[in-house]
Amino acid sequence: MEISVIGAGYVGLTTAACLAEIGHHVLCADCDLERIDSLKAGRLPFFEPHLDDLVKRNVASSRLEFTTPAVAIDNSEAIFICVGTPPLENGEADLSSIESVARLIVSSAHGYRLVIEKSTVPVQTAKRLWKHLSIYNAHGLEFDVVSNPEFLREGSAVEDFFHPDRVVVGAESPRAIALMKEIYAPVLRTRSTCPVHSQCPPVPEPKLILTDTNSAELVKHASNSFLAMKISFINLIADACEAAGADIEKVADGIGSDKRIGRSFLNPGIGFGGFCFPKDLQAFVRIGEKLGCDFSLLREVEKINVRRTEQFVAKIKKELWVLRGKTLAVWGLAFKPNTDDVRFAPALNIIRRLQSEGAKIRAYDPEAMHKAKLDLPEVAYCESAYQAAEGADAILILTEWGEFREINWKHLGERVSHRLIIDGRNLLSAEEASLNGFQYVGVGRAAQPLRPTVEVKRAGTTAAPLPPTGHQVPTPMQVAP
Ligand code: UGA
């Protein structure tokens, strides 16, 4: 099918490349012509695993082309709108880019167009879009408007496209439904291979959920809000674990083993970030207000999340007391692993707070440093996790990159000036850290004292084990019968 994708950001570019990979001819467009030029030259504006290869392969086979919005709209039957809907000052989504695309469609297209809204938008936007297209329809354009929310996660977006749990289509005409089924047919059939795996793991067949446009739009905001709520909930429980001397990992396993709840998104930490959850949550609260619904539950979710930065800083101060003049190694800047995205990244907020107290930051992230530098120039950016740890009073793990798990404890111990790890993502094994002579503080976990038998080697000297800190979970023997 001839498809255009308007907007070459995280959602648009991934969608365009994946649609081309499943056999469609795709024109990917953006009003940022510099972006289009660099895409034509083979440079992607962000890092997303597998996307580079996918774009190159489909450009080479001419199934994927980059152009201007007007050309794309003119030459396609289906138009995916993937433009940004950033937050306005009051938290509402700014829909002006959607409106601009709508204007362009009615001013330049002829015949029939299937207009597919993929950007995250408030409920009833498809209806408004339909009305807008009808009002400004100067050339007798025939069209349908469909809501097709996206559920791709940064860092695994390509894989998510090929193995979705569900494809949600809000459409109100048989023609639109038939076209949407045709577009997604290769994904809806369980495929044995995708560009990510040579042999895909067995996955259940994706569900096609056909509904009206309002319901489809609500699915998107409600899904993101629910996931955000799960994270804030587990963060509260992590606080309770710390206060009561319980282990959040065990508690999350216990809760998550209930099929009705599920284990995913029950990982506590420094709070959720990224360009989706924080802004979608705020936008949904505003939507609730406009609909006359009390969404104070979601306001609490947001408040709990905002508190995470301060709580983490307090945890650091509890261990290091005064921060002025202390050197802190920050491992991880991106809002999550496998992306270079630092938008609303909790790591950046934490660094700002630490700097405001006079701490010196040495940071390392495998992908996100070039973007973080723009926001935080006063940080010493390092080439490796070890280099960042040089002379550090503590190592702070703020993004759970896999490579941090592979740490060589001996090398690390030789670099730091104080063997303390404050793990904001519960990435490392507390026990392993302790066995290797590091004092370990996680989230919702008992602070691990050093094993008294461990000999701690520091820069060629033998130091006495550090005293245990923080509260401790009583061993079963200590618990009263
Ligand atoms: C999220 C949704 O998961 C996608 O389904 C959706 O398509 C996307 O937003 C969007 O609306 O575009 P994404 O923001 O890429 O995807 O990342 P997530 O994996 O959902 O993580 C979001 C944040 O929550 C990250 O900061 C992550 O560290 C945090 N998180 C996630 C936790 O703190 N704990 C968890 O258990 C899971």
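These numbers were taken from a predicted model, which means no experiment stands behind them. Just so you know, these numbers use all the heavy atoms, side chains as well, and skip hydrogens, waters and symmetry mates. When a ligand or atom number is given, it counts from 1 through the structure's own listing order. We number each residue from 1, following the sequence as shown.
- Side-chain contact check for S76 and S4: at least one donor-acceptor pair (N or O, by modelled atom type) lies under 3.5 Å.
- Protein residues with a heavy atom closer than 4.0 Å to ligand 1 are E150, F151, L152, R153, E154, K220, N224, I231, F265, L266, N267, F272, G273, C276, F277, D280, F335, K336, R425, listed by chain and number.
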Discussion item. Test salt bridge (Lys or Arg N to Asp or Glu O under 4.0 Å) on R353 and E357; report intermediate values, then the result.
Written reply: CA-CA 7 Å; R353 273 289 290 106; E357 300 230 3; 3.2 Å; yes
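- Inter-residue side-chain proximity for P195 and H50 is flagged as unmet; no heavy-atom pair is nearer than 4.5 Å.
- Scored by the salt bridge (Lys or Arg N to Asp or Glu O under 4.0 Å) test, E77 finds no partners at all (sequence neighbours excluded).
- Among residues at least two apart or in separate chains, side chain to side chain donor-acceptor pair (under 3.5 Å) pairs with a member in residues 278-288 are E92-R286, N224-D280, Q282-E302, R286-E289.
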Identify all side-chain donor-acceptor contacts of residues 226-239 below 3.5 Å with residues at least two apart in sequence or on another chain.
{"residue": "K230", "atom": "NZ", "partner": "I261", "partner atom": "O", "Å": "3.1"}
{"residue": "K230", "atom": "NZ", "partner": "G262", "partner atom": "O", "Å": "3.3"}
{"residue": "K230", "atom": "NZ", "partner": "S264", "partner atom": "O", "Å": "2.7"}
{"residue": "S232", "atom": "OG", "partner": "V301", "partner atom": "O", "Å": "2.8"}
{"residue": "N235", "atom": "OD1", "partner": "G269", "partner atom": "N", "Å": "2.8"}
{"residue": "N235", "atom": "ND2", "partner": "I231", "partner atom": "O", "Å": "3.4"}
{"residue": "D239", "atom": "OD1", "partner": "R308", "partner atom": "NH1", "Å": "3.0"}
{"residue": "D239", "atom": "OD1", "partner": "Q311", "partner atom": "NE2", "Å": "3.4"}
{"residue": "D239", "atom": "OD2", "partner": "R308", "partner atom": "NH1", "Å": "3.4"}
{"residue": "D239", "atom": "OD2", "partner": "Q311", "partner atom": "NE2", "Å": "3.0"}

